[in-house]
Amino acid sequence: MAAASHVLRAVGSWIDDSVRDRDRDRDRALDRDYAFDPARALAPALARALARDHDLVHALSDARSRVLDHVRSRCLQIINEEYAQTVGTPVAVDEESLTNLLDDFTTDDLSDADVREGDIKLAGVKWSDGTTWPASTDIDYLKRRSDRQEDGSWIIRAGTGNVPENVLT
């Protein structure tokens with residue numbers, strides 16, 4: 001019995017040594033692979049970092065959208081309150097009507113306006129024959145760069161750039 005137990009211990013020790021040697025050899029091979037290919041060693045960490053950055057970009061984008069929505073809503077609320085105080089009548093200004101209001105120059109006197117190229121973007125501006133432009137404005141040139149509306153007004157097309165310096169002074 002003692003001999004059998006001695007043999008079993010020896011075999012077990014041999015198996016342990018073999019497994020240990022195999023694991024050591026495998027680890028050395030992996031170390032060699034990583035030593036020859038640093039990118040392989042860094043790839044998992046880089047992948048994790050990129051995933052975190054991707055998540056951060058999405059979180060920041062979502063936060064930015066929420067902040068802009070809040071600021072836009074608050075601005076419209078303030079405009080409505082100020083208008084109601086000034087005029088004495090409540091009004092509901094939404095984003096579209098505010099944009100239309102800010103771009104509508106159909107009855108404005110712009111004769112003293114300094115709208116030289118580079119100073120102001122005119123794309124989207126609504127104007128009409130009732131708009132008074134600076135004296136040196138080439139109205140025909142302005143019309144060629146505008147779209148005629150059903151109500152007789154004009155809207156300066158996007159993509160046409162600014163009206164050149166020699167047209168408006």
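For the single chain, residues carry numbers from 1 onward in sequence order. Values below: every heavy atom of this structure, side chains too, minus hydrogens, waters and symmetry copies.
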Student: Could you grab the distance from atom OG of S65 to atom CG of L60, nearest 0.5 Å is fine?
Tutor: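 Spacing of OG (S65) from CG (L60) equals 11.0 Å.
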Student: Measure the spacing between CG of D69 and CZ of R64 and express it to the nearest 0.5 Å.
Tutor: 10.0 Å
Student: I need the single residue from D109, L110, D112 that forms a side chain to side chain contact (heavy atoms under 4.5 Å, CB included) with T132. Which is it?
Tutor: D109
Student: Out of curiosity, D108 CG to K126 NZ, how far, rounded to the nearest 0.5 Å?
Tutor: 12.0 Å
Student: Which atom names give the shortest non-hydrogen contact between W127 and I139, and what distance separates them?
Tutor: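 Nearest heavy atoms, W127 then I139: CH2-CG2, 4.1 Å.
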Student: Nearest 0.5 Å, what's the OG-CZ distance between S61 and R66?
Tutor: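 Interatomic distance, S61 OG to R66 CZ, rounded to 0.5 Å: 9.5 Å.
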Student: Check step by step if side chain to side chain donor-acceptor pair (under 3.5 Å) holds for Q77 and E81.
Tutor: CA-CA 6 Å; Q77 180 184 8; E81 290 169 0; 3.3 Å; yes
Student: Can you find a heavy atom in the side chain of R145 that is under 4.5 Å from one in the side chain of W154?
Tutor: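 Sidechains of W154 and R145: no contact.
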Student: Measure the spacing between OG of S146 and CD1 of I155 and express it to the nearest 0.5 Å.
Tutor: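 Between atom OG of S146 and atom CD1 of I155 there are 9.0 Å.
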Student: Keeping S128 on the side-chain end and S153 on the backbone end, is there a donor-acceptor pair under 3.5 Å?
Tutor: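 Judged by distance alone, no pair lies under 3.5 Å.
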Student: Could you measure the distance from the CG atom of L50 to the CG atom of D55? Nearest 0.5 Å is fine.
Tutor: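 CG of D55 is found 11.0 Å from CG of L50.
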